[in-house]
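So the structure is just underneath, and the comments pick up after that.
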Amino acid sequence: MTIVLNPVWSNGVQKLKVVSQTPTKPAKGLLPPVHNDEIHALRCLQQLRSKDKPIEKYIYLSQLKDADHAMFYRLCLANMAEFTPLIYTPTVGDACLQYSHIFRRPEGLFISIKDKGNIGKILRNWPRKEEARISVVTDGSRILGLGDLGVNGMPISIGKLSLYVAGAGIRPESTVPICLDFGTDTQRYLDDPLYLGLRQRRVPFAEAAEFMEEFMQEMATVFPKLLIQFEDFATDKAFAYLESFRNRYPLFNDDIQGTGAVVLSGFMNAAKLSSAASGRPLTDHRILFLGAGSAGVGVAMQLMSFFKLQGLSEEEARDRIYLVDSQGLIFDGRGPMAEHKKYFSRKDYNGAPMKDLTEIIKFVQPTALLGLSTTKGAFNQSVIETMSALNPRPIIFPLSNPVRLSECEFHEAVEWSQGRVLFASGSPFPEQEYGGRVLYPGQGNNMYIFPGLGLGAILSRASRVTDSMVEASSLGLADSLTQDERAQDLLYPRVERIREISAQIALSVIRAAQKAGVDRSIDLRTMSDAELLGFLQELNVGVTTANAPTATRVNVASLALTTSKVWSLLAVYAFHIATAGCLHIEQRAVPSFKAAQGGTEKTNGGAQTKPEEEKPQDPSGWQNAKNMAVKGLMIALRVTKEATPFFPHLQSVAGGLLACTDRQLLCSVVPVGLRALQD
C-alpha cells in the first residue's frame, strides 16, 4: 500500500492528510462473490481483443478508462506495444475524424471563442483545480496530417494525457485535456448534424490571438502549478503562440519542440551507425527535409543541435540542412515564402526551381532524408534507390502520421535499400526479415519525449521550458539504449521500457532546468544524479501492472508539501512519530491522570484544585512519549520550513510540548496535537 500526503484545506488552514493510494474496493455485495482483479484483467484483455477494428478497440478502451481507470492503466503498462497504437497514433487519428459520431460522454474542457471574457469562470468549473499539473491544449486546426477537424480534435489532448499517465506515472487526476473551439473551415463538419462544435468558419488570427492572451492569463491564475503542452495548432499559429507565451508561462509545443527532440535522438544514433559504415565524420552529414510546416521546421531547428554538438557554428549547422516544400527546393531566388521557412532558405543556389525529389537528392547528396509532408508514397523506389546509391547505410525517416500518410512503409525501404536502411517512422510498422536477419523499424514517436519532459518540468517546478531542457530530453533518450538494443541497431529503445526511459529523461530535464536557473524546487539541487534518478524511478513505478498488484504512482498534487522525496519521507516519519507519542500519552498517562482527578475539589471561584499528593502513576511513560512527540513535531517543523507553511499551528503545538513540565500537558497540548496530526 502506498502512503501519500494530500494537502487539504480546513478553516483557511492547509493541512496534510495521510491517504492510501490503493483503489477503494466496492463494499461487499456490490461485486460478484468470486470477482478477482487478476482474472478481471484477463477478461478485459479478452474483450479488447475480440474487437476486429482499431476504432472499436479505441471505443472499448475509452469506456474502460472511464469506468475503471486503474484497470485501464494497469493493462496499458503491461501491454504498451499493443495499447500505444490504440490510444495514440495511428488510431487516434480515426478517433478524431469520427469523434462527433462515437462521442459517449464528455472528457476534458471545451472553451469556445464565444466564451471570450468568461474564460476564467469556465476554467474554474474544472472539478480538480488543486490537483491539476499538466494540460494538453489544441484548437483542432491541424490534427496530425488530417487538417482542420475543429472540436473533433479533443481525442488528441485526451490521448496525449493518457500517455503522460502510462509513460511517466502522472496521476490521471492531475491531467486537464482542453479543446479550444474557434470554428472550423472544414465544410463537411459544418454540414454534419452530429458535429459537436460551433457551426461557423474559423475566426481571424487577430481575434484568436486576443482570445489566447486571455486564455493563458486565466490558466496561470486558475491553475498556478500547471504545465501546458500546445498540440496540433496550424503552422502559423503554432509558431506565433509559442513565441508569444514561452517566456511568460511554463509551456512547450509538442509539434515544434517535441517532434524535433525525438527525431534528434533517433538521428544521433542513426548518424553514428551511418558514419561507421561510410567512414565519414559526423560533421559530414547532410539532411534533406520533405515538408516545411511547423513540424518540419521545428525538427530542422532541433537537428542543428546535432551539428553544434560536433563543434560546428550555427551558420555551419544551418548550411547542412535543406528543406523541400510543395513547390520544391526552398531557396532565396524562388520568390516570396512564409516567414518560418526563411531561416533555412538556401542562399547558395540560384538556378531554376527544382521540384523532382530524386533530382534534388542528386543535387544535395544528403546522408539523411526526413519526411514530414503527409504525402503518401513520396519516398518512392527511385528516391530510396538514389539515397542507397549515395550512402552505404541511408537514413530514411518517413515521419508523417498516421500510417496512410507516411512517405513510405518499412518493407518498401528495406527492399529498395537491400536491407541497408536506417529507418524510423512516425507510426508503427511491423518488423521485417531480410537476408536471414530480422530488421526492426524505429518509431520516432513523440511519446518517447513528452512524458519525461513534462515530468521533469513539473517536478522541478520550471517557470518556463527552455531550449536546453528540450535538448536535454533528446540527449537523455539517445543515451537510454541498452547494449542489447544497440546490438540490434535499434535507433530507439523498446516502448515497453517507457517508464524507465521517462525517468532518465526527467533527470536530464531537471538538471537542465537547474542549469538555466528556471527551477523552483531548490531542494532537488542537493541530490546527486544517482539519488535523483532513484527518486524518479521510485515515484515512477507506475500504476498496477500484471506482475504487481499495487505500486506507487506519481501523485503530483501530493507534492504540494515539497517536491523532494527526502522531505516527503521525513514528513511521513515526523507525523508518525508525533502521533505515536501523543497516542501513548493519551492512552497511558491521561487515564492515570484522570483517575487521580477523582479527588478534585472546587474552590469558591469554581476552579479546580488538585490535591498535592496526586501524581500521574506513569510519569516516565508520559515524559518519554513527550520526547517522542517533540522529536516528530520538530522534524515536521523543519519540513514546513523547507516547503510551504501548510500547518501554522504546528509550531504552537511543539512549543506547548516543550514548555510543559507538569500535568497540564495531559489535558491541553495532547488533544490539540492529536487533532492536528489526525486531521
Side-chain angles (χ1 to χ4, degrees), residues 44 47-69 72-73 75-76 79-110 135-167 172 175-181 184 186 188-189 192-197 229-234 254-255 258 374 376 400-406 425-428 443 445-447 450-451 495:
C44 292
Q47 292 171 359
L48 173 68
R49 291 165 180 168
S50 70
K51 314 294 183 184
D52 59 358
K53 295 180 180 178
I55 191 63
E56 292 178 349
K57 294 183 178 183
Y58 175 90
I59 293 170
Y60 171 77
L61 290 175
S62 297
Q63 181 275 331
L64 179 62
K65 184 172 70 169
D66 179 49
D68 187 355
H69 72 258
F72 170 82
Y73 288 111
L75 294 177
C76 187
N79 303 274
M80 282 297 294
E82 179 180 359
F83 273 52
T84 300
L86 298 175
I87 62 176
Y88 190 43
T89 57
T91 308
V92 73
D94 291 332
C96 288
L97 291 171
Q98 302 181 53
Y99 179 65
S100 290
H101 290 252
I102 64 174
F103 178 84
R104 262 53 171 186
R105 63 182 300 277
E107 182 177 359
L109 274 170
F110 298 85
S135 178
V136 175
V137 180
T138 186
D139 73 344
S141 57
R142 191 200 61 82
I143 298 297
L144 301 174
L146 304 172
D148 181 358
L149 304 190
V151 80
N152 289 335
M154 176 58 97
I156 281 290
S157 294
I158 295 170
K160 291 274 186 176
L161 289 170
S162 292
L163 291 177
Y164 270 107
V165 178
T175 65
V176 187
I178 297 179
C179 185
L180 306 177
D181 189 356
T184 178
T186 303
R188 69 177 181 275
Y189 295 136
D192 184 354
L194 297 182
Y195 179 59
L196 290 164
Q229 174 179 320
F230 282 163
E231 189 70 30
D232 285 352
F233 285 80
D254 189 47
D255 304 298
T374 67
K376 179 68 175 177
S400 294
N401 284 314
V403 172
R404 64 173 177 270
L405 298 178
S406 181
S425 59
S427 291
Q443 186 182 356
N445 196 309
N446 296 20
M447 71 163 291
F450 65 77
V495 72

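Every heavy atom of this structure was used, including side-chain atoms; hydrogens, water molecules and symmetry mates were not.
- Nearest heavy-atom pair, G426 versus Q443, reported as atom, atom and distance to 0.1 Å: O-NE2, 3.2 Å.
- Residue F83 comes nearest to C76 through the heavy atom pair CD2-CA, 3.6 Å, listed as atom of the first residue, atom of the second, then distance.
- A distance-only check finds a donor-acceptor pair linking the side chain of S141 to the backbone of A234 [under 3.5 Å].
- T175 contributes a side-chain N or O that, together with a main-chain N or O of P172, makes up a donor-acceptor pair within less than 3.5 Å.
- For residues 140-154, the pairs satisfying salt bridge (Lys or Arg N to Asp or Glu O under 4.0 Å) are R142-D232, R142-D255, D148-R202, with sequence neighbours left out.
- Applying side chain to side chain contact (heavy atoms under 4.5 Å, CB included) to I143 and the options N152, N401, T138 leaves one that passes, T138.
- Taking all atoms of both residues into account, the shortest heavy-atom contact from M80 to P85 is O-CD, 4.4 Å.
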Verdict with supporting geometry, V151 and Y195, side-chain contact (heavy atoms from CB on, under 4.5 Å): CA-CA 8 Å; V151 80; Y195 179 59; 3.7 Å; yes
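- Between H101 and D192, the closest side-chain pair of non-hydrogen atoms falls below 4.5 Å.
- Residues E231 and Q229 come closest through the heavy atom pair OE1-NE2, 2.9 Å.
- The distance from atom CD1 of I158 to atom CG of L163, rounded to the nearest 0.5 Å, is 12.5 Å.
- Distance check: I55 CD1 to L86 CG gives 10.0 Å after rounding to the nearest 0.5 Å.
- The side-chain heavy atoms of Y58 and P155, taken from C-beta on, include a pair separated by under 4.5 Å.
- The CZ atom of R404 sits 9.0 Å away from atom CG of L144, with the distance rounded to the nearest 0.5 Å.
- Rounding to the nearest 0.5 angstrom, the gap separating the CZ atom in F233 from the CG atom in L180 is 5.5 Å.
- How far SG of C179 is from CG of D139: 7.5 Å, rounded to the nearest 0.5 Å.
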The test is side-chain contact (heavy atoms from CB on, under 4.5 Å); show your working for F110 and D181 and say whether it passes. CA-CA 7 Å; F110 298 85; D181 189 356; over 6 Å; no
Determine, step by step, whether K53 and I59 satisfy the side-chain contact (heavy atoms from CB on, under 4.5 Å) criterion, reporting the C-alpha distance in whole Å, the side-chain angles of both residues, the deciding distance to 0.1 Å, and the verdict. CA-CA 10 Å; K53 295 180 180 178; I59 293 170; over 6 Å; no
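- Using a distance-only test at 3.5 Å, with no hydrogens or angles considered, no donor-acceptor pair links the side chain of T91 to the main chain of I87.
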Under the side-chain contact (heavy atoms from CB on, under 4.5 Å) criterion, do D66 and R104 qualify, and how do the steps go? CA-CA 10 Å; D66 179 49; R104 262 53 171 186; over 6 Å; no
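- Between K57 and K51, the shortest heavy-atom contact is CE-O, 3.0 Å.
- Looking at T374 and L146, their side chains never come closer than 4.5 Å, going by heavy atoms from C-beta outward.
- Under the 4.5 Å side-chain criterion, counting only non-hydrogen atoms from C-beta, T89 is not in contact with M447.
- Tested against Y73 for a side chain to side chain contact (heavy atoms under 4.5 Å, CB included), the candidates L64, V165, D68 yield a single pass: V165.
- Taking 4.5 Å as the limit, every side-chain heavy atom of Y99 sits out of range of all side-chain heavy atoms of V92.
- Of the possible polar contacts, one joining the S157 side chain to the I178 backbone as a donor-acceptor pair under 3.5 Å is found.
- Side chain of S100 to main chain of L196: a donor-acceptor pair is present (N/O by atom type, distance under 3.5 Å, no hydrogens or angles).
- A distance-only check finds no donor-acceptor pair linking the side chain of Y164 to the backbone of S135 [under 3.5 Å].
- A distance-only check finds no donor-acceptor pair linking the side chain of R105 to the backbone of F103 [under 3.5 Å].
- Atom-to-atom distance recorded for F72:CZ and L61:CG is 5.5 Å, nearest 0.5 angstrom.
- A 6.0 Å sphere centred on NZ of K376 holds more than 12 heavy atoms belonging to other residues, nucleotides or ligands.
- Between Y60 and C44 there is a side-chain heavy-atom pair separated by less than 4.5 Å.
- Residues N445 and Y88 meet the side-chain proximity criterion, which asks for heavy atoms closer than 4.5 Å.
- K160 has its side chain within reach of N446: a pair of non-hydrogen atoms, C-beta onward, lies under 4.5 Å apart.
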